[in-house]
Novice: 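What follows is a single structure, and I will ask about it in a moment.
Below, each value reflects all heavy atoms present in this structure, side chains not excepted, and no hydrogens, waters or symmetry copies.
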Amino acid sequence: MEKDILLCGVGGQGTVLASKLLAAAAMEAGLIVHSAETIGMAQRGGSVTSHVRIGERQYSPLIPSHGADIMLSFEPGEAVRNIDYLKEDGIVIVNNRPVKPVTESLQDTGYDGKEMIVYLKEKVKNVVTIDSEEIAKALGTAKGFNVAILGVLAGTKRLGIDDTVMIKAIENSVKKEFIELNKKAFNIGKEIGEGYENQ
């Protein structure tokens, strides 16, 4: 299997953990994985981009332009910022809730992410939008969206890694007290992804 996955968001959303879970699951499945992160002022809400490359032909950890099969975006503006990484027939799974930058609090720009979603749907054939606030309500906490988005990917059948392997990666990688929460988040996301796949 050859698969290039780009994850993007802002600091504090759990983008890096999601990429590590993907890499761990791929290795558990016996696949070769390369990964890398680009983190810009992440603790202050800056951009975070993670590259996960699965397969024997991937000699570099960085995905080339127009090379990503999948983009998982935790924030709509970050999806637009990184859109050039996506293949023509790639899929974008994107949170429709924006994380407003500090500049928004200083000067009301009206940024709400809606224009970004419209742009993505104009440019990309396969777009799955998800609502992090609805997922947070179902979980009873805002934590867990980063695993829920992996569940959405699993539900679309675009990943190519068995769900039981993903669950095992979660069990082996997160703190014991958060395992059940993250498994629930994965399953909530999986149902959303299956709904998209059946459309």
Novice: Shortest non-hydrogen contact from Y85 to I63?
Specialist: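 Looks like CE2-O, 3.2 Å.
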Novice: Under 3.5 Å, side chain of Y111 to main-chain N/O of G77, donor-acceptor pair present?
Specialist: yes
Novice: How long is the span from the CG atom in L120 to the CG atom in L86, to the nearest 0.5 Å?
Specialist: 9.5 Å
Novice: Considering all heavy atoms of both residues, which atom of N96 and which atom of D131 are nearest to each other, and what is their separation?
Specialist: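 So the minimum-distance heavy-atom pair works out to OD1-CA, 3.5 Å.
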Novice: Have T49 and E37 got a donor and an acceptor in their side chains that come within less than 3.5 Å?
Specialist: no
Novice: What heavy-atom pair brings A18 and L150 nearest, and what distance separates the two atoms?
Specialist: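 Of all heavy-atom pairs spanning A18 and L150, the closest is O-CD1, 3.8 Å.
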Novice: Please give me the minimum heavy-atom distance between V127 and Y196, naming the atom from each residue.
Specialist: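 Minimum heavy-atom separation between V127 and Y196: O-CE1, 3.9 Å.
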Novice: If I take atom OG1 from residue T15 and atom CG from residue L72, how far apart are they, to the nearest 0.5 angstrom?
Specialist: 9.5 Å
Novice: Taking all heavy atoms of C8 and all of E78, pick out the closest pair and write down the distance.
Specialist: SG-O, 3.7 Å
Novice: What's the separation between atom CZ in F74 and atom CD1 in I130, rounded to the nearest 0.5 Å?
Specialist: 8.5 Å
Novice: Would you call K168 and E171 a salt bridge, using N to O less than 4.0 angstrom?
Specialist: no
Novice: Examine distances only and state if a side-chain atom of S73 and a backbone atom of A79 form a donor-acceptor pair shorter than 3.5 Å.
Specialist: yes
Novice: Do you know the tightest heavy-atom contact between A148 and I135?
Specialist: CB-CG2, 3.9 Å
Novice: Would you confirm whether K3, through its side chain, and R158, through its main-chain N or O, come within 3.5 Å as a donor-acceptor pair?
Specialist: yes
Novice: Is N146 reaching over with its side chain to a backbone N or O of G14, donor-acceptor style, under 3.5 angstrom?
Specialist: yes
Novice: Flag the pair V94 / V128 as yes when at least one side-chain heavy-atom distance between them is below 4.5 Å, and no otherwise.
Specialist: no
Novice: So does I5 get a backbone contact from the side chain of R53, meaning a donor-acceptor N/O pair under 3.5 Å?
Specialist: no
Novice: Quick check: does any side chain N or O of R97 sit under 3.5 Å from a backbone N or O of E133, one acting as donor and the other as acceptor?
Specialist: no
Novice: For the side chain of Q13 and the backbone of V10, is there at least one donor-acceptor N/O pair under 3.5 Å apart?
Specialist: yes
Novice: Does a sphere of radius 6.0 Å around CD in E134 hold more than 12 heavy atoms from other residues, nucleotides or ligands, not counting ones at 6.0 Å or beyond?
Specialist: yes
Novice: Is E75 reaching over with its side chain to a backbone N or O of V99, donor-acceptor style, under 3.5 angstrom?
Specialist: yes
Novice: Is any side-chain heavy atom of L181 less than 4.5 Å from a side-chain heavy atom of L139?
Specialist: yes
Novice: When you look at CD of E88, are more than 12 heavy atoms from neighbouring residues, nucleotides or ligands closer to it than 6.0 Å?
Specialist: no
Novice: Could you give the distance from CG (N187) to CE (M166), rounded to the nearest 0.5 Å?
Specialist: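 Reported value, rounded in 0.5 Å steps: 11.0 Å.
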Novice: Nearest 0.5 Å, please: how far is NZ in K143 from CZ in F178?
Specialist: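 Answer rounded to 0.5 Å: 5.0 Å.
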Novice: Report the distance from atom CD1 of I170 to atom CD1 of I179, rounding to the nearest 0.5 Å.
Specialist: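 It comes to 9.5 Å.
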Novice: Please determine whether a side-chain nitrogen of the Lys or Arg among K87 and D69 lies less than 4.0 Å from a carboxylate oxygen of the Asp or Glu.
Specialist: yes
Novice: With a 4.5 Å limit on heavy-atom distance, are the side chains of L22 and L7 in contact?
Specialist: yes
Novice: Hydrogens and angles aside, do S132 and N95 bring a side-chain donor and acceptor to less than 3.5 Å of each other?
Specialist: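 Yes, N95 and S132 have a side-chain donor paired with an acceptor closer than 3.5 Å.
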Novice: Quick one: does H51's side chain have a donor or acceptor within less than 3.5 Å of a partner on S35's backbone?
Specialist: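 Answer holds: no.
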